[in-house]
Amino acid sequence: MSAPSDSNSAPRVRIAPSPTGDPHVGTAYMGLFNYAFARRHGGKFILRIEDTDQARSTPGSEQAIFEALRWLGIEWDEGPDVGGPFGPYRQSERLPTYALEVERLLQSGHAYRCFCTRERLAELRKQQVEAKGKFGYDGHCRSLDPETAKARAEAGEACVVRLRVPDEGETLFVDGLRGTIRFANAEIDDQVLMKSDGFPTYHLANVVDDHRMGITHVIRGEEWITSTPKHVLLYQAFGWKMPEFFHLGLLRNPDGTKLSKRKNPVSVFYYREMGYLPETFVNFMGTLGFSMGDDVERFTLAEMVEAFEWEKVHPGGPVFDPVKLAAFNADDIRDLDDEELYRRLLERVLPRERLMPMVRQTKERIKRLDDFVPYVACFFGGEVDYRADWPKAQKKVKKRARKEVVDALKGWLDEIERDPRARAFDAEGLEAFSRDYCEASGFKAGELFTLLRLASTGRMATPPLFDTLEIVGKDRMRERLRGFIAFVAGQPDWAAADKK
RNA sequence: GGCCCCAUAGUUCAGCGGUUAGAACGGCGGCCUCUCACGCCGCAAACCAGGGUUCGAUUCCCUGUGGGGUCACCA
């Protein structure tokens with residue numbers, strides 16, 4: 001049961017993405033650094049799926065993570081699909097382990113059962129916000145007698161298990177990139193370890209698995225710094241040897257905030273579909289927060305592995321600049337020989353799966369086979385030119401103030417992430433969602449759909465809108481709509497000035 | 001707001017006590033050229049501020065400022 005983690009044995013590292021939605025660039029980024037470190041030292045790189053959030057996890061996105069990482073050439077040694085000596089590598093399959101460990105914590109008094117309802121917690125939180133005081137659990141159930149608490153739980157009363165954090169003193173750890181980081185215990189919340197549905201939270205599952213899988217170095221994003229003391233407390237409570245911690249800077253949007261799909265494409269698949277070369281993409285990620293030194297910035301994965309050391313890693317959060325990525329990509333495309341480029345074009349741009357939906361759409365609208373290409377042009381590439389047809393679209397919304405239009409489009413863009421029907425981005429779901437959205441926003445279908453049509457294709461005459469959007473794809477549509485919104489916002493207002 | 005992290009051109013990185021502070025992307029100008037792109041040449045562009053330490057600070061320390069993260073029965 002004890003893990004093989006002598007300080008001089010080969011390192012074991014891991015990434016632990018949760019399978020919710022599209023494979024995130026941030027996951028690939030952390031994967032790259034973990035991979036590079038592991039390979040550099042002849043260690044193992046493990047992929048563990050953290051699917052403890054039953055509400056958000058989806059089976060498809062686990063596959064998507066595999067696919068995205070493999071596309072980039074970031075291969076793992078142990079994982080749910082390839083197996084390994086410390087499996088299972090999917091947390092939903094390790095529930096008994098967590099139950100066992102949590103019981104130990106309960107018995108040693110490092111954790112306690114909490115029967116507070118969500119309502120009470122919400123109320124507590126509200127008061128804390130109003131009082132502008134400290135946030136966090138107030139310790140209501142802390143002093144419950146363990147035996148009676150146990151009896152209540154066994155009688156079926158819903159409860160969670162919380163970590164008992166000392167009131168006094170401080171908890172510290174050494175970050176390999178940032179030095180010693182210390183937190184006053186009073187600042188640390190009594191973190192929930194086990195949810196009422198019997199699933200562990202990230203904090204518990206993460207520490208238990210890292211220990212049991214013999215993880216020696218935890219390399220992850222700096223968003224985790226604040227919760228690391230909780231993990232440290234857990235290691236101490238269990239009496240386990242702690243791994244070394246390295247918190248990398250977070251990838252940022254151009255405005256400096258944490259990279260998010262609201263502001264930037266964040267799906268690895270977007271970059272694949274747009275035709276970035278995987279080796280280029282990896283190289284580009286490797287220039288963020290890492291440097292070979294000597295002003296060298298073009299390198300292969302193998303070269304990065306060979307050169308990898310923590311002294312070359314910079315802890316600040318880099319902006320992910322798609323313009324520079326595109327420049328790298330253009331450069332690498334030029335370096336491909338013609339045969340190779342042709343092969344990649346076929347594989348990436350013209351595969352059967354991608355073309356087939358377009359074939360169906362186009363069939364009854366083209367007169368000659370060759371018309372196909374201009375007809376489907378709007379399904380490829382990034383930006384689209386909507387300026388020519390804008391006056392026509394504008395007429396459809398001539399009674400609206402510019403701001404109304406902009407807000408409606410922004411709202412739609414925001415909502416497609418929240419609404420489950422739109423999230424899948426298929427024609428049927430999109431239509432249902434969009435019609436409801438019209439109702440809610442007070443826009444007529446003819447108004448909104450016209451705007452979306454122009455934004456997505458640059459034209460006023462297209463196949464049915466929602467079939468079109470499905471083929472254009474969510475990420476591409478998001479990009480185009482962002483561009484369109486900026487364009488409209490930059491137009492002079494056309495509605496009468498007295499209109500509210 | 002509390003706590004934590006970070007800080008060199010617009011952006012990504014070099015620098016690791018003494019440099020005309022270097023490169024890439026982007027920007028600007030030029031050359032090449034039937035156009036565009038490529039290619040080539042050049043220009044502008046940075047050490048957040050104030051205190052220390054030191055013979056000497058972009059570099060080490062402190063404070064401030066700015067940016068970011070985090071404060072869930074999400075990870």
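Quick caveat: nothing in here was measured; it's all calculated off a predicted structure. Residue numbers start from 1 in every chain, and the chains themselves are labelled A, B, ... in the order their sequence lines are given, proteins ahead of strands.
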Which class fits the ring pair A:H247 and A:F245: parallel under 30°, tilted 30 to 60°, perpendicular over 60°?
parallel
Just N and O in the side chain of A:R334: are any of them under 4.0 Å from OP1 or OP2 of B:G39?
yes
Think A:T201 has a side-chain N or O under 4.0 angstrom from the OP1 or OP2 of B:C74?
no
Using the ring centroid of each side chain, check whether [X] and [Y] are separated by less than 6.0 Å.
X: A:F284; Y: A:F320; result: yes
X: A:Y235; Y: A:H231; result: no
X: A:H211; Y: A:F238; result: no

Evaluate side chain to side chain contact (heavy atoms under 4.5 Å, CB included) for A:M304 paired with A:F33, printing each intermediate quantity in order.
CA-CA 9 Å; A:M304 179 171 174; A:F33 281 73; 4.2 Å; yes
Nearest-Å distance for atom pair [atom1]/[atom2], residues [X] and [N]:
X: A:L47; N: B:A75; atom1: CG; atom2: P; result: 17 Å
X: A:Y137; N: B:A72; atom1: OH; atom2: P; result: 14 Å
X: A:F308; N: B:C13; atom1: CZ; atom2: C1'; result: 15 Å
X: A:N329; N: B:U12; atom1: CG; atom2: C1'; result: 17 Å
X: A:D295; N: B:U8; atom1: CG; atom2: P; result: 16 Å

Judged by atom type as modelled, is there a donor-acceptor pair below 3.5 Å linking the side chain of [X] to the main-chain atoms of [Y]?
X: A:D190; Y: A:R164; value: no
X: A:Y271; Y: A:P265; value: yes
X: A:S61; Y: A:P19; value: yes
X: A:T52; Y: A:T201; value: no

From the candidates B:C4, B:A14, B:G26, the one with an atom nearest any side-chain atom of A:H314 is B:A14
Out of B:U12, B:G26, B:C4, which has the shortest distance to the side chain of A:I181?
B:C4
Assign [X] to base, sugar-phosphate, or nothing according to its heavy-atom contacts below 4.0 angstrom with the strands shown.
X: A:R298; result: nothing
X: A:T20; result: nothing
X: A:G293; result: nothing

Can you tell me which stems RNA chain B forms when a stem means 3 or more consecutive Watson-Crick or G-U pairs under 3.5 Å?
B:1-7 with B:65-71, B:10-13 with B:22-25, B:27-31 with B:39-43, B:48-52 with B:60-64
Using a strict heavy-atom distance below 4.0 Å, which residues from [range] are in contact with RNA chain B?
range: residues 182-198 of chain A; result: A:R182, A:F183, A:E187, A:V192, A:K195, A:S196
range: residues 139-165 of chain A; result: A:V160, A:R162
range: residues 248-277 of chain A; result: A:L250, A:R252, A:G256, A:T257, A:K258
range: residues 53-69 of chain A; result: A:D53, A:R56

Work out how far the P atom of B:C48 is from that of B:G67, and round it to whole angstrom.
15 Å
With no hydrogens and no angle check, do the side chains of A:D210 and A:W240 hold a donor and an acceptor under 3.5 Å apart?
no
Under 3.5 Å donor-acceptor pairs involving side-chain atoms of residues 82-89 of chain A, not counting sequence neighbours:
| residue | atom | partner | partner atom | Å |
| --- | --- | --- | --- | --- |
| A:Y89 | OH | A:E78 | OE1 | 2.6 |
| A:Y89 | OH | A:F86 | N | 2.9 |

Once rounded to the nearest 0.5 Å, what's the spacing between atom CG of A:L32 and atom CZ of A:F308?
8.0 Å
With side-chain hydrogen bond (donor to acceptor under 3.5 Å, both in side chains) as the test, would you mind laying out the steps for A:D209 and A:Y98 before giving the verdict?
CA-CA 9 Å; A:D209 287 345; A:Y98 309 124; 2.5 Å; yes
